[in-house]
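Here's the structure we're looking at; comments come further down.
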Amino acid sequence: MVRIPPYLKKGDLIGITCSSSKMELAAAEYAAEVIRGWGYRVHLGITVGTSFHNFSAPDELRLEELQDMLDDPEIKAILFGRGGYGMGCIIDKLNLKKFHKHPKWLCGYSDITVLHAHIHERYGIPTIHSLMCSGITPDTVEDEYVHSLEQIIKGRKYSYNTPSHVLNREGSASGLLVGGNLSMLANISGTKSQVKTKGKILLLEDIGEYRYNVDRMMYNLKRAGWLDGLAGLVVGAFTDGKETQTPFGQSEYEIIHNLVKDYDYPVCYNFPIGHQPANYAVKLGMKHHLKVGEAKTVLKLHAD
């Protein structure tokens, strides 16, 4: 049984924490004001606006604040400030017993993929793959992707679509949506956070990776069984790809296509999710329907 956290209502409290990389205080305050405009109260954690090398704060402080927000019954959802790197350093020290009894929505992507996967695999509680606090800016505040986060925490159903891609494999599938950032999925491969993907729809996206490394990580997923028995595969944005002095010879989508060409499940490419302005919010760990058609791809929360 999937235990769905309560959806938010006006006046509920949302906590913002930077459990990974640092974020400027002014940017967080702007996003917090936008969220207040949606009708919620906001608590900015002490890791917001602080800096410790590439992190917002030392591991111990980031862990303590996230633990406090997970345990605080007044906080109904947690929006992460930024991704980057750092969740993997603290994931095994989190105590999720109270969260398991009283779940709340956890919203973010990128490095937060580690937390999404761990909670799905260990506890079966849905989470939200979405833009983070850093994604709510004066340039984005009115767009449909910020709006998708506002709507999803209220419990609104959704259906997203994107034009067809030349590498798509047509077909329909239903299953729990799982996954996220490719680098993080490869990083947790073989750990107790690795997701059992059979019969599920897997989402992949990434940023700033050398193309040979994308190939290497995809082989990791394939050898570890991530790609076996999927219901479907949704490939989001792979932005700011890098090359060595000798080009790899394939784009990120061509690399993925090469690794999944022998399977028969539907696959879509260039779905509007990932490290880019076009980044829809979706509920990981909940049943979705994927239809990859000749003209467009549709991903929607299942009506059941």
Side-chain angles (χ1 to χ4, degrees), residues 20-21 80 82-85 87-88 106-117 120 127-132 134-135 140 143-146 148-149 152 158 160-163 165 167-169 175-189 193-195 197 200-211 213-222 226-227 230 232-242 250-260 265-285 288 290 292 297-299:
S20 300
S21 298
F80 293 90
R82 281 190 65 198
Y85 175 71
M87 181 59 71
L106 307 180
C107 311
Y109 75 118
S110 190
D111 180 58
I112 310 306
T113 293
V114 175
L115 185 60
H116 289 318
H120 172 77
T127 56
I128 297 176
H129 186 283
S130 72
L131 56 81
M132 292 176 277
S134 58
T140 66
D143 72 26
E144 61 187 301
Y145 307 105
V146 172
S148 72
L149 173 60
I152 205 170
Y158 53 83
Y160 306 135
N161 65 79
T162 189
H165 188 278
L167 293 178
N168 281 3
R169 182 160 57 225
L176 301 183
L177 183 65
V178 296
N181 183 259
L182 172 60
S183 299
M184 295 298 103
L185 298 178
N187 182 252
I188 63 172
S189 192
S193 303
Q194 178 173 339
V195 176
T197 55
K200 299 174 184 177
I201 299 172
L202 179 62
L203 167 66
L204 299 175
E205 64 82 31
D206 217 321
I207 184 174
E209 289 292 338
Y210 284 97
R211 291 189 174 94
N213 199 33
V214 172
D215 191 64
R216 179 168 59 190
M217 291 187 292
M218 286 301 302
Y219 269 107
N220 175 296
L221 264 58
K222 186 168 187 175
W226 290 80
L227 306 179
L230 290 179
L233 177 63
V234 176
V235 184
F238 275 71
T239 50
D240 300 335
K242 299 177 182 179
Q250 291 179 306
S251 70
E252 289 85 355
Y253 289 170
E254 289 169 335
I255 290 167
I256 295 171
H257 173 73
N258 182 55
L259 269 293
V260 301
Y265 45 75
V267 182
C268 76
Y269 295 87
N270 202 33
F271 202 84
I273 290 178
H275 287 74
Q276 60 177 11
N279 186 19
Y280 281 123
V282 292
K283 297 174 188 174
L284 298 177
H288 287 68
L290 173 68
V292 184
T297 293
V298 178
L299 178 70

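Checking side-chain atoms of Tyr253 against main-chain N and O of Asn270 turns up a donor-acceptor pair under 3.5 Å. With Arg82 contributing its side chain and Met132 its backbone, the two residues share no donor-acceptor pair below 3.5 Å. In this structure a side-chain-to-backbone donor-acceptor pair under 3.5 Å is present from Ser251 to Glu254. A donor-acceptor distance shorter than 3.5 angstrom exists from the side chain of Ser148 to the backbone of Tyr145, with no hydrogens or angles considered.
His116 contributes atom NE2, which lies 7.5 Å from atom CG of Leu106 (distance to the nearest 0.5 angstrom). Considering CG of Leu204 and CG of Leu227, their distance stands at 7.5 Å, rounded to 0.5 Å. Going from atom NZ of Lys200 over to atom CG of Leu233 covers 15.0 Å, rounded to the nearest 0.5 Å. Distance check, rounded to the nearest 0.5 Å: CG of Asn220 to CG of Asp215 gives 11.5 Å. To the nearest 0.5 Å, the span separating CG on Leu203 from CG on Leu284 amounts to 7.0 Å. Separating the CD atom in Glu209 from the NZ atom in Lys242 is a distance of 7.5 Å, to the nearest 0.5 Å.
Residues Met218 and Ile256 are in side-chain contact: their nearest non-hydrogen atoms beyond the backbone lie under 4.5 Å apart. Side-chain atoms of Met87 and Ile112, non-hydrogen and from C-beta on, do get closer than 4.5 Å to each other. Looking at Leu182 and Leu221, their side chains come closer than 4.5 Å, going by heavy atoms from C-beta outward. Within the 4.5 Å cutoff, the side chain of Val178 has heavy atoms near those of the Leu202 side chain. Side chains of Leu290 and Thr297 form a contact here, defined as non-hydrogen atoms less than 4.5 Å apart. For the pair Thr162 and Cys268, the minimum side-chain heavy-atom distance is 4.5 Å or more. At least one side-chain heavy atom of Ile273 sits under 4.5 Å from a side-chain heavy atom of Val282. Put simply, the side chain of Tyr280 does not reach to within 4.5 Å of the side chain of Leu299, judged on heavy atoms.
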Exercise for review: Apply the test side-chain contact (heavy atoms from CB on, under 4.5 Å) to residues Phe238 and Ile255: give CA-CA distance (whole Å), side-chain angles for both, the deciding distance (0.1 Å), then the verdict.
Suggested key: CA-CA 11 Å; Phe238 275 71; Ile255 290 167; over 6 Å; no
Exercise for review: Could you please spell out the steps behind the side-chain contact (heavy atoms from CB on, under 4.5 Å) verdict for Ser130 and Ile152?
Suggested key: CA-CA 10 Å; Ser130 72; Ile152 205 170; 5.9 Å; no
Review point. Passes side-chain contact (heavy atoms from CB on, under 4.5 Å), His165 versus Val235? Steps please.
Key: CA-CA 11 Å; His165 188 278; Val235 184; over 6 Å; no
Exercise for review: Might you work through the side-chain contact (heavy atoms from CB on, under 4.5 Å) test for Tyr210 and Arg216, ending with a clear yes or no?
Suggested key: CA-CA 10 Å; Tyr210 284 97; Arg216 179 168 59 190; over 6 Å; no
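In summary, the aromatic rings of Tyr109 and His275 are positioned with their centroids under 6.0 Å apart.
Taking both residues in full, the closest heavy atoms of Trp226 and Leu185 are given as CZ2-O, 3.5 Å, listed atom of the first, atom of the second, then distance. Closest approach of Tyr160 to Ala281, counting heavy atoms only: OH-O, 2.7 Å. Minimum interatomic distance between Val146 and Gly135 (heavy atoms only, all atoms of both residues): CG2-O, 4.0 Å. Across every non-hydrogen atom of Leu167 and Tyr269, the tightest pair is O-CE1, 3.3 Å. Here the closest non-hydrogen pair linking Ala237 and Gly274 is CB-CA, 4.4 Å. Of all non-hydrogen atoms in Ala117 and Ile188, the two that sit nearest each other are CB-CD1, 3.5 Å.
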